[in-house]
2 protein chains.
Amino acid sequence: MSLRRADKIRETLEQMIVTGELTNGERLDEMALSERFGCSRTPLREAFHNLAASGLLELVPHRGAFVRHPGLTEMVEMFEVMAELEAFCGRLAARRISPQDLAALHETVIACESAVAANDHDQYYIENERFHHLLYSASGNGFLSEQARHLHRRLKPFRRLQLRVRGRLGQSLAEHRVILAALENGRPDEAARALRSHVAVQGGKFNDLMASYKISHLNAGA
Amino acid sequence: MSLRRADKIRETLEQMIVTGELTNGERLDEMALSERFGCSRTPLREAFHNLAASGLLELVPHRGAFVRHPGLTEMVEMFEVMAELEAFCGRLAARRISPQDLAALHETVIACESAVAANDHDQYYIENERFHHLLYSASGNGFLSEQARHLHRRLKPFRRLQLRVRGRLGQSLAEHRVILAALENGRPDEAARALRSHVAVQGGKFNDLMASYKISHLNAGA
DNA sequence: TCAACTAGTTTTGTATACAATATTTGGATT
DNA sequence: AATCCAAATATTGTATACAAAACTAGTTGA
C-alpha cells in the first residue's frame, strides 16, 4: 500500500525520532498526532507499523506505540553488523564488479576529493553515500545490497554526526582510496579488511560515536 | 499494535505463501480474504503491511498486495547472506560464549544424535533450530542475533525440504560437532569457516535446493 | 491504614462508510 | 480497422463510528 499520506507521515515521524525530537520511551498518542497532521488515525497506524518494522518504534498490544531509540550498546552492535555486511559486499565486489561500477566508484572518490578540498561536509556526506551504495550493488547480490541499504539508512543520523569530527573527512577519503584499489586489483580479502576497519567503531571512533550519541540525546530534551 | 486477530491472519497468510498455496505474483483481494477470515479489511491491511516488511508481499500503491515468492536467484542470495551472518555469529561466539550456552549447545548435539539414530527428521529439525538459535544468542550481539533469526525464519521452508535429502542429517550433525569443537576451543576463524560451509549452498546442496524449490512451486498449483 | 475489588475513563483494535485513484470497456474519430 | 479518449466500474486509501481491553481512581472491607 503505502499511500501518499501515510508515507509522508512515516518520514516526518522518522525524522522526529532520529533527530531526538521524540525522546526514548515516549508514547505516541494517535489522537494528538492525527490532529497535528490533520488526518485520521488510520494513516498514522500504518506509519506506526512501518516504523516498527524498521525498529524505530515498539508496538505493544493494547498499550500503544513507544519510541525506541537504540541504546549505545545496540548502536555499537549495529555498526558491528554493518562492518561485516560491507566487508562481505567488498569481498564479493572484488570478484564481480563491472567496469561501469568501477568507473562510477572512481567518480565518487574524485567528488569526495573536491568536497574535502572545499571542506564541504554535506557534499562529502552525499558522495560518501553514493560510494557505499555503489559498493552494495557491485556485490552482485541483490538481497545483500538491500539489507546493507536498510542498515545504512538506519545508522544515518549517527554517521552524519561522526563525519563532523575534525579530520575524519580526509581519513575517510584515504580509506575509500584503499578500498577502491583493492576492488580494482581484484583482492577480496584486502577489500573486506579495508571495509571492515572503515566501518567498524574502534579506537578513537568509539569516543566520537559516544559524543554524537550524547548530542543526539541532548537534542531530545529540546 | 498487532492485535490478536491481525496476528493470526498474518501467520495464516504467511503459511499460505510459504507452502505455495498462494502462487507467485498473485494479487490478494482484500474483500475476498476478509470474507474468508470473517473480518473486515482493516486487520487484513495490517497483516499485509507486516508481510510486506518481511518481504513476502509487495505492496503497490493503489494496485494492491502481490505475493512475492523469492526466485531461485534470490534464494541463493539469501543463503549467501545467511552463511555470512552465521559465520560472523560463530566468530564472535568463539570469543564470547558462556559456559551455560556451551552446555546448552552440547545438549542439542546429543539430542540431534538421538534424532539421527531414530531417523526422525522432524525432531532433528527442531533440535537443529535450537542449535542455531543458541549460536545466534551466543554471539553476544543482540542486533546480529535478531537479524539472523529473521533470515533463518524466512529460509525455513527451504531448509526443511533440504533436510529431507537422504544422508543430509548425518552430515549436518557431523558439521555441528565441528562447529561446537571450534567454539569450545575458542577458535574464531575455524568456527566461522565451519559455519559458512555448513550453511552455504554449494556443490550437491545446490541441486538439492533446486529440487526443493521446484517441489515448493509444484505445490503452488494445487 | 492498607489492600483489593469495582466502576469509570481512556485508548487501542475493528468495522463500516466515504473519497480518490487506477483499470477497463465502450464509443468516437482518424 | 485501429487508436485514442472518456465514462463507468472496481479497488485502494482515508475517515469516522463502534467495541473491547487496559489503566485509574475511588470505595469498601479487613
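Heavy-atom basis, side chains included; hydrogens, waters and symmetry copies ignored. Just so we're clear, the structure is a prediction, and the values are computed from it rather than from any experiment. Throughout, a chain's letter reflects where its sequence line sits, starting with A, and its residues are numbered from 1.
Within 6.0 Å of CD on Q202(A) lie more than 12 heavy atoms contributed by other residues, nucleotides or ligands.
At whole-Å resolution of the value, CD in E35(A) and C1' in dA15(D) are 15 Å apart. One interatomic measurement links the two molecules: CD of E46(B) to C1' of dT14(C), which rounds to 9 Å at whole-angstrom precision. What separates CG of L59(B) from C1' of dT11(D) is a distance of 14 Å, to the nearest Å. Distance, L44(B) CG to dT11(D) C1': 14 Å, rounded to whole Å. Spacing between atom CZ of F66(A) and atom C1' of dT11(C) amounts to 11 Å, rounded to whole angstrom units. For the pair R41(B) CZ and dA15(C) P, the computed distance is 12 Å after rounding to whole Å. Here dA15(C) presents its C1' atom at 15 Å from CE of M31(B), a figure rounded to the nearest Å. Summarising the geometry, the separation between CG on L57(B) and C1' on dT12(D) is reported as 15 Å, rounded to the nearest angstrom.
In this pair, H176(B) and H198(B) present their aromatic rings perpendicular. The plane angle is above 60°, beyond the 30 to 60° band. Between H152(B) and H133(B), the ring planes are perpendicular. Angles over 60° get that label, and only those under 30° would be called parallel.
Every pair passing salt bridge (charged side-chain N to carboxylate O under 4.0 Å, His left out) that includes a residue from residues 69-79 of chain B is listed here, sequence neighbours excluded: R68(B)-E74(B), E74(B)-R154(B). Evaluation of the salt bridge (charged side-chain N to carboxylate O under 4.0 Å, His left out) test over residues 129-149 of chain B, restricted to residues two or more places apart or in two chains, returns E127(B)-R130(B).
Nearest nucleotide to the side chain of P43(B), out of dT12(C), dT14(C), dT12(D): dT14(C). In the set dT12(D), dT16(C), dT12(C), dT12(D) carries the atom at the smallest distance from any side-chain atom of R45(B). Distances were taken from every side-chain heavy atom of R27(A) (C-beta onward) to each of dT16(D), dT14(C), dT12(C); the shortest belongs to dT12(C). Counting only heavy atoms from C-beta on, S40(A) has its side chain closest to dA15(D) among dA15(D), dT14(C), dT12(D).
Among T12(B), L22(B), T23(B), N24(B), the one residue that satisfies the side-chain contact (heavy atoms from CB on, under 4.5 Å) test with I17(B) is L22(B).
In summary, E14(B) and K156(B) do not engage in a salt bridge, as defined by a charged side-chain N under 4.0 Å from a carboxylate O.
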Short heteroatom pairs, N/O only, protein and nucleotides 21-25 of chain C, under 3.5 Å:
residue : atom : partner : partner atom : Å
dT23(C) : OP1  : R63(B)  : NE           : 3.4
dT23(C) : OP1  : R63(B)  : NH1          : 3.2

